[in-house]
Amino acid sequence: MNITVYLGASRGNSPALEQAVRALGAWIGESGNSLVYGGSKSGLMGVLAESALHAGGRVTGVEPQFFIDAELQYDAIDELIVTETMAERRTKMIELGDAFIAMPGGTGTLEEISEVMSMRALGHLDAPCILYNLNGYYDDLRSLLRRMIDAGLSTEERQHGIFFASTLDEIRELLK
């Protein structure tokens, strides 16, 4: 299975986050799954790719040309797909994914996983969408999704397949 993971190119300020990223990468590699991610060597992206590679996993990065020009790509990965724009990057990462995980991240991570959530809701994607809710990071988003349903602007059916997982064990269960 190709697992597309969205996460930041910065490290954040929580040691627990980096530990969770390392554990996720190691599990992807050890389990025989493949990692699809943003292609960067920077921050948590680099940690994730390195962890998956060291565990024997296949790693595909998808990175726009302007990041390549800035020499941010991780050269040790198995495959690097270069796109012209961020929109093309998002599209390619979705095309390659069989499951999608968003680690705690910034606005780019939110944009990427929001597109997956929207495609799920519209029935254009039939793959699990998991928000790794480490230390309650995505609690407010979960509340917002519930508010959308309560306000009659979304439904349980449209949000089917969008999951919140607090641990790697929960992620593994969801992807069985």
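Hydrogens, waters and symmetry mates are skipped; everything else that's a heavy atom, side chains included, is used.
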**Request:** Please examine the side chains of L24 and V5, heavy atoms only from C-beta on, and report whether any two atoms are closer than 4.5 Å.
**Result:** yes
If only side-chain N and O atoms count, and only distance matters, is there a donor-acceptor pair under 3.5 Å linking D139 with N133? yes
For A20 and L134, the nearest pair of non-hydrogen atoms, with its separation, is CB-CD2, 3.8 Å
side-chain hydrogen bond (donor to acceptor under 3.5 Å, both in side chains) pairs touching residues 7-17, sequence neighbours excluded, are R11-E18
ask   = Under 6.0 Å from the CZ atom of R142, do we count more than 12 heavy atoms belonging to anything else shown?
value = yes
- Answer yes or no: is there a side-chain heavy-atom contact under 4.5 Å between M45 and Y37? yes
Residues at least two apart in sequence or cross-chain that pass side chain to side chain donor-acceptor pair (under 3.5 Å) with E157, listed by chain then number, are T155
Here the side-chain hydrogen bond (donor to acceptor under 3.5 Å, both in side chains) pairs for residues 161-170, sequence neighbours left out, are D169-R172
Applying a strict under-4.5 Å side-chain criterion to I, L, V, M, F, W and Y, I'd like to know whether V36 and I77 cluster together.
no
Pair M1, I3 - check side chain to side chain contact (heavy atoms under 4.5 Å, CB included), show working.
CA-CA 6 Å; M1 169 180 357; I3 301 174; 4.0 Å; yes
Does D126 CG have over 12 foreign heavy atoms under 6.0 Å away? no
- Message: Measuring only between side-chain heavy atoms, which start at C-beta, is L53 closer than 4.5 Å to D78?
- Response: yes
Q) Any link between M93 and I81 through a network of hydrophobic side chains (Ile, Leu, Val, Met, Phe, Trp, Tyr) touching at under 4.5 Å? A) yes
With sequence neighbours left out, the residues meeting side chain to side chain donor-acceptor pair (under 3.5 Å) with E156 are R146
*Compare all side-chain heavy atoms of D98 with those of T4 and state whether any distance is below 4.5 angstrom.*
no
Using only heavy-atom distances, determine whether the side chains of S40 and Q73 contain a donor-acceptor pair under 3.5 Å.
no
### Cluster link Y6 to I28, ILVMFWY, side chain under 4.5 Å
no
Only pairs under 3.5 Å count here: list side-chain donor-acceptor contacts from residues 109-119, not counting sequence neighbours, and write none if there are none.
from	atom 1	to	atom 2	distance (Å)
E111	OE2	R90	NH1	3.2
S114	OG	L110	O	2.7
E115	OE1	R90	NE	2.9

Any side-chain heavy atom of T85 sitting closer than 4.5 Å to one from E88? yes
- Message: Are M148 and Y138 connected into the same hydrophobic cluster when the rule is that any two of I, L, V, M, F, W, Y join if their side-chain heavy atoms are below 4.5 Å apart?
- Response: yes
Are L125 and I130 grouped together when hydrophobic residues (ILVMFWY) are joined by side-chain heavy atoms under 4.5 angstrom apart?
no
_If you apply the rule side chain to side chain contact (heavy atoms under 4.5 Å, CB included), what do you find for W27 with N33, and how did you get there?_
CA-CA 8 Å; W27 171 73; N33 293 304; 3.9 Å; yes
Those residues at least two apart in sequence (or on a different chain) that pass salt bridge (Lys or Arg N to Asp or Glu O under 4.0 Å) with E30 are none
The side chain to side chain donor-acceptor pair (under 3.5 Å) partners of R89 (sequence neighbours excluded) come to none
Across all chains, not counting sequence neighbours, the side chain to side chain contact (heavy atoms under 4.5 Å, CB included) partners of A52 are L35, V59
dist Q159:CD -> R120:CZ (nearest 0.5 Å) comes out at 11.5 Å
d(E95 CD, N2 CG) to nearest 0.5 Å is 12.0 Å
In short, side-chain hydrogen bond (donor to acceptor under 3.5 Å, both in side chains) pairs touching residues 58-69 with sequence neighbours left out are R58-E79, Q65-D69
One should read off an interatomic distance between L17 CG and L7 CG, to the nearest 0.5 angstrom, of 8.0 Å
For E173, the side chain to side chain contact (heavy atoms under 4.5 Å, CB included) test, sequence neighbours excluded, returns K176
Flag side-chain contact, heavy atom, 4.5 Å: L175 against P128
yes
Apart from M86 itself, members of its ILVMFWY cluster (side-chain separation under 4.5 Å) are F66, F67, L72
**Asked** With side chains defined as the heavy atoms from C-beta onward, is the minimum distance between L145 and F164 less than 4.5 Å?
**Response** yes
Residues A26 and A55: closest non-hydrogen pair is O-CB, 3.4 Å
Between G46 and Y74, the two heavy atoms sitting closest are O-CE1, 3.6 Å
Below 3.5 Å, can you tabulate the donor-acceptor pairs from side chains in residues 100-107 to any protein atom, sequence neighbours excluded?
none

Between the CD1 atom in I94 and the NE2 atom in H124, the distance rounded to the nearest 0.5 Å is 12.0 Å
Going by an N to O cut-off under 4.0 Å, is there a salt bridge joining K41 and E50?
no
